[in-house]
Amino acid sequence: MRSPNISLIIPVYNVEDYLPDCLDSVLAQSYTDFEVIAVNDGSTDGSREILADYAKKDSRIRIIDQANRGLAGARNTGIAAANGMYIAFVDSDDYIDSDYLSVMYSNVNEFNADISISGRYIDCGGQTSHEIRPAFTSKRLGPIEAARALNSYRSFDMSMHGKLFLASLFKGLAFPEGKNSEDQFMCYRLILRSNCSYYEDRPLYYYRHREGSISRSSRVNVFPIEASHEQLDYIRRHVPALINVAETSCFFSQVAVYNAFAVRDLEMPNEIANVVLKEPKRFLGSVIRNEDIPGFKKIQAITYCFARPVYKAVYLAKKG
């Protein structure tokens with residue numbers, strides 16, 4: 001039996017209210033040569049039954065059941081089971097445009113790329129808006145230029161969604177289980193392994209903001225600090241020309257953690273405070289010299305380092 005061109009991996013955990021929208025959008029794709037690997041990650045609601053109903057209707061859906069291992073563990077299971085030449089991920093509370101796979105697959109072929117990347121819509125309670133990130137768009141990107149784009153805050157980001165990957169890029173790699181920000185630990189490695197990437201800021205992926213998701217939890221996710229440090233170490237060893245890019249990522253990852261504590265009015269543990277409050281000054285020069293970082297982000301960085309009470313007040317005022 002011939003393998004499909006694309007394996008679409010959907011981790012599923014207690015998303016019965018959103019899963020039908022996700023699966024309907026997947027099965028409505030204009031491009032049809034794909035399989036769906038739905039990893040039921042120990043759901044305790046009706047998600048498993050919904051998957052079973054859809055699998056009866058469409059033989060392209062395969063269900064893998066496992067005890068709860070988190071998003072990283074579910075993705076690792078899906079990658080191990082994938083038969084396609086390319087791999088894409090859709091979170092089970094998100095959904096995709098009917099031409100998503102068609103455009104993504106067309107771009108990897110037309111531009112001889114290992115990774116195809118799209119823009120996205122943000123869905124907040126049914127209200128959608130295009131998250132415009134125009135830098136580096138509509139061009140073939142070598143691994144160094146793609147890594148710059150990845151860390152520029154003006155182009156595509158570290159998320160697995162909105163991307164189609166050559167499956168062989170994952171050989172020997174795994175998402176870190178037990179850690180949030182698993183995408184940030186993985187994406188730069190795939191980018192730097194690739195022959196090239198192609199980014200088109202055409203919104204084809206619908207990312208849903210919802211209460212109760214990992215990214216909006218009341219608990220502060222401090223793993224971006226570790227992930228950005230890992231990227232810096234990797235780049236120092238393998239791509240030293242990008243050190244300023246990796247140091248910039250460290251800076252803004254630390255600021256993001258500070259912001260998360262500030263907006264929740266929580267006190268930072270000492271080991272986090274020692275990094276978040278002291279280390280950014282060491283990376284500020286890289287931020288200022290980084291030509292890919294927009295001016296307002298540089299002003300933000302200077303204010304954070306030298307007028308933090310002002311920075312905090314402005315940030316909290318913007319957040320309401």
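Not measured: the values here are computed from a predicted model.
- No donor-acceptor contact under 3.5 angstrom links the side chains of Glu247 and Asn290, judged on distance only.
- With sequence neighbours excluded, the residues forming a side-chain hydrogen bond (donor to acceptor under 3.5 Å, both in side chains) with Thr77 are Gln66, Arg69, listed by chain and number.
- Other residues sharing a hydrophobic cluster with Tyr121 under the 4.5 Å side-chain heavy-atom criterion for ILVMFWY residues are Tyr95, Tyr206.
- Asn14 and Thr44 share a donor-acceptor pair across their side chains, judged by distance under 3.5 Å alone.
- Annotation: ring pair (Phe, Tyr, Trp, His ring centres under 6.0 Å) contacts involving residues 255-292, sequence neighbours excluded, comprise Tyr258-Tyr304.
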Note to self: Please determine whether side-chain contact (heavy atoms from CB on, under 4.5 Å) holds for the pair Ser118 and Tyr100, giving the CA-CA distance in whole Å, both sets of side-chain angles, and the decisive distance to 0.1 Å.
What the structure shows: CA-CA 8 Å; Ser118 79; Tyr100 177 70; 3.8 Å; yes
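- For Thr248 and Asn151, the side-chain atoms include no donor-acceptor pair closer than 3.5 Å.
- Around CD of Gln127, the count of heavy atoms belonging to other residues, nucleotides or ligands within 6.0 Å does not exceed 12.
- Donor-acceptor pairing under 3.5 Å is recorded for the side chains of Asn40 and Asp65.
- With Arg236 contributing its side chain and Leu232 its backbone, the two residues share no donor-acceptor pair below 3.5 Å.
- In this structure, the separation between CZ on Arg193 and OG on Ser168 is 9.0 Å, given to the nearest 0.5 Å.
- Although no hydrogens or angles enter the test, the distance criterion places a donor-acceptor pair under 3.5 Å between the side chain of Ser228 and the main chain of Ile225.
- In the hydrophobic clustering of ILVMFWY residues, with side-chain heavy atoms under 4.5 Å counting as a link, Val90 and Phe34 come out together.
- For the residue pair Glu200/Ser138, the side-chain donor-acceptor check at 3.5 Å is not satisfied.
- Residue pairs meeting the salt bridge (Lys or Arg N to Asp or Glu O under 4.0 Å) criterion with at least one member in residues 71-87, sequence neighbours excluded, are Arg75-Asp91, Arg75-Asp183.
- Side-chain atoms of Leu192 and Leu242, non-hydrogen and from C-beta on, do get closer than 4.5 Å to each other.
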Margin query: Walk me through whether Ser286 and Arg289 qualify under side-chain contact (heavy atoms from CB on, under 4.5 Å).
Written below: CA-CA 5 Å; Ser286 287; Arg289 292 189 297 270; 3.7 Å; yes
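- Every residue two or more places apart in sequence or in another chain that forms a side-chain contact (heavy atoms from CB on, under 4.5 Å) with Phe306 is listed here: Lys281, Leu284, Ile302.
- Side-chain contact between Asp114 and Leu169: present, with at least one pair of heavy atoms (C-beta onward) separated by less than 4.5 Å.
- Enclosure of atom CE in Met85 is not indicated, since only 12 or fewer non-hydrogen atoms of other residues, nucleotides or ligands lie within 6.0 angstrom.
- In terms of modelled atom types and a separation under 3.5 Å, the side chain of Ser106 and the main chain of Ser102 share no donor-acceptor contact.
- Side chains of Asp41 and Val12 form no contact here, defined as non-hydrogen atoms less than 4.5 Å apart.
- Proximity of Val222 to Met268: side-chain heavy atoms (C-beta onward) are nowhere separated by under 4.5 Å.
- With hydrogens and angles ignored, the 3.5 Å screen pairs a side-chain donor or acceptor of Ser194 with a backbone N or O of Ile191.
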Checklist line | side-chain contact (heavy atoms from CB on, under 4.5 Å) between Ile37 and Ile10, intermediate numbers included | finding: CA-CA 6 Å; Ile37 302 174; Ile10 307 178; over 6 Å; no
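- Heavy atoms of other residues, nucleotides or ligands lying less than 6.0 angstrom from CD1 of Ile144 number 12 at most.
- A search for side-chain contact (heavy atoms from CB on, under 4.5 Å) contacts involving Cys196 returns Ala113, Arg140, not counting sequence neighbours.
- Of the charged side-chain nitrogens involved, at least one lies within less than 4.0 Å of a carboxylate oxygen, so that Arg237 and Asp233 count as a salt-bridged pair.
- Ser7 places no side-chain N or O within 3.5 Å of a backbone atom of Ala82 that could act as its donor or acceptor partner.
- Applying the side chain to side chain donor-acceptor pair (under 3.5 Å) rule to pairs touching residues 308-320 yields Asn259-Tyr311, Gln300-Tyr311, sequence neighbours excluded.
- Using modelled atom types, one finds no donor on one side chain facing an acceptor on the other under 3.5 Å when comparing Thr128 with Asp123.
- Residues satisfying the side-chain contact (heavy atoms from CB on, under 4.5 Å) criterion with Asn109, sequence neighbours excluded, are Tyr105.
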Next item on the list: Evaluate the side-chain contact (heavy atoms from CB on, under 4.5 Å) criterion for residues Glu230 and Arg189: first the C-alpha distance (whole Å), next the side-chain angles of each, then the deciding distance (0.1 Å), finally the verdict.
Entry: CA-CA 10 Å; Glu230 281 198 11; Arg189 293 178 180 267; 4.2 Å; yes
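- Applying the side-chain hydrogen bond (donor to acceptor under 3.5 Å, both in side chains) test to Asn244 and every residue at least two apart in sequence or in another chain returns nothing.
- Between Glu145 and Lys139, at least one side-chain nitrogen of the basic residue sits less than 4.0 Å from a carboxylate oxygen of the acidic one, meeting the salt-bridge criterion.
- Contact of the Val108 side chain with the Leu164 side chain is registered, since non-hydrogen atoms from C-beta on lie closer than 4.5 Å.
- Considering only heavy atoms from C-beta on, Glu226 stays 4.5 Å or farther from Val275 through its side chain.
- Between the side chains of Ser43 and Glu16, no donor N or O sits under 3.5 Å from an acceptor N or O.
- Distance check, rounded to the nearest 0.5 Å: CG of Asp94 to OG of Ser92 gives 8.0 Å.
- With sequence neighbours excluded, the residues forming a side-chain contact (heavy atoms from CB on, under 4.5 Å) with Glu131 are Arg120, Ile122, Arg133, listed by chain and number.
- Applying the salt bridge (Lys or Arg N to Asp or Glu O under 4.0 Å) criterion to Asp33, with sequence neighbours excluded, gives Arg2.
- Not a single donor-acceptor pair under 3.5 Å links the side chain of Gln231 to the backbone N or O of Tyr188.
- Proximity of a side-chain donor or acceptor of Gln29 to a complementary backbone N or O of Asp97 within less than 3.5 Å is detected.
- Between Val36 and Arg62 the shortest side-chain heavy-atom distance does not fall below 4.5 Å.
- The closest donor-acceptor contact from the side chain of Lys163 to the backbone of Ile117 lies at 3.5 Å or more, if one exists at all.
- The CD atom of Gln184 sits 9.0 Å away from the CG atom of Leu150 when rounded to the nearest 0.5 Å.
- Atom CG of Leu71 is separated from atom CG of Asn68 by 10.5 Å, given to the nearest 0.5 angstrom.
- The closest side-chain heavy-atom distance from Phe136 to Leu141 is below 4.5 Å.
- Looking only at distances, a side-chain donor or acceptor of Ser30 sits under 3.5 Å from a matching main-chain atom of Ser98.
- Neither Phe111 nor Leu204 shares a network with the other; the hydrophobic side chains, linked directly or stepwise wherever heavy atoms of I, L, V, M, F, W or Y lie under 4.5 Å apart, form separate groups for each.
- Between the CD1 atom of Ile96 and the CG atom of Asp21 there is a distance of 12.5 Å, given to the nearest 0.5 Å.
- Sorted by first and then second residue, the ring pair (Phe, Tyr, Trp, His ring centres under 6.0 Å) pairs involving residues 138-163 (not counting sequence neighbours) are Tyr153-Phe252, Phe156-Tyr199, His161-Tyr205, His161-Tyr207.
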Item checked: Residue pair Phe165, Tyr86: steps toward the ring-ring contact (aromatic ring centres under 6.0 Å, His included) verdict -> CA-CA 5 Å; Phe165 299 93; Tyr86 295 92; over 10 Å; no
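- The closest side-chain donor-acceptor pair between His229 and Glu279 falls under 3.5 angstrom.
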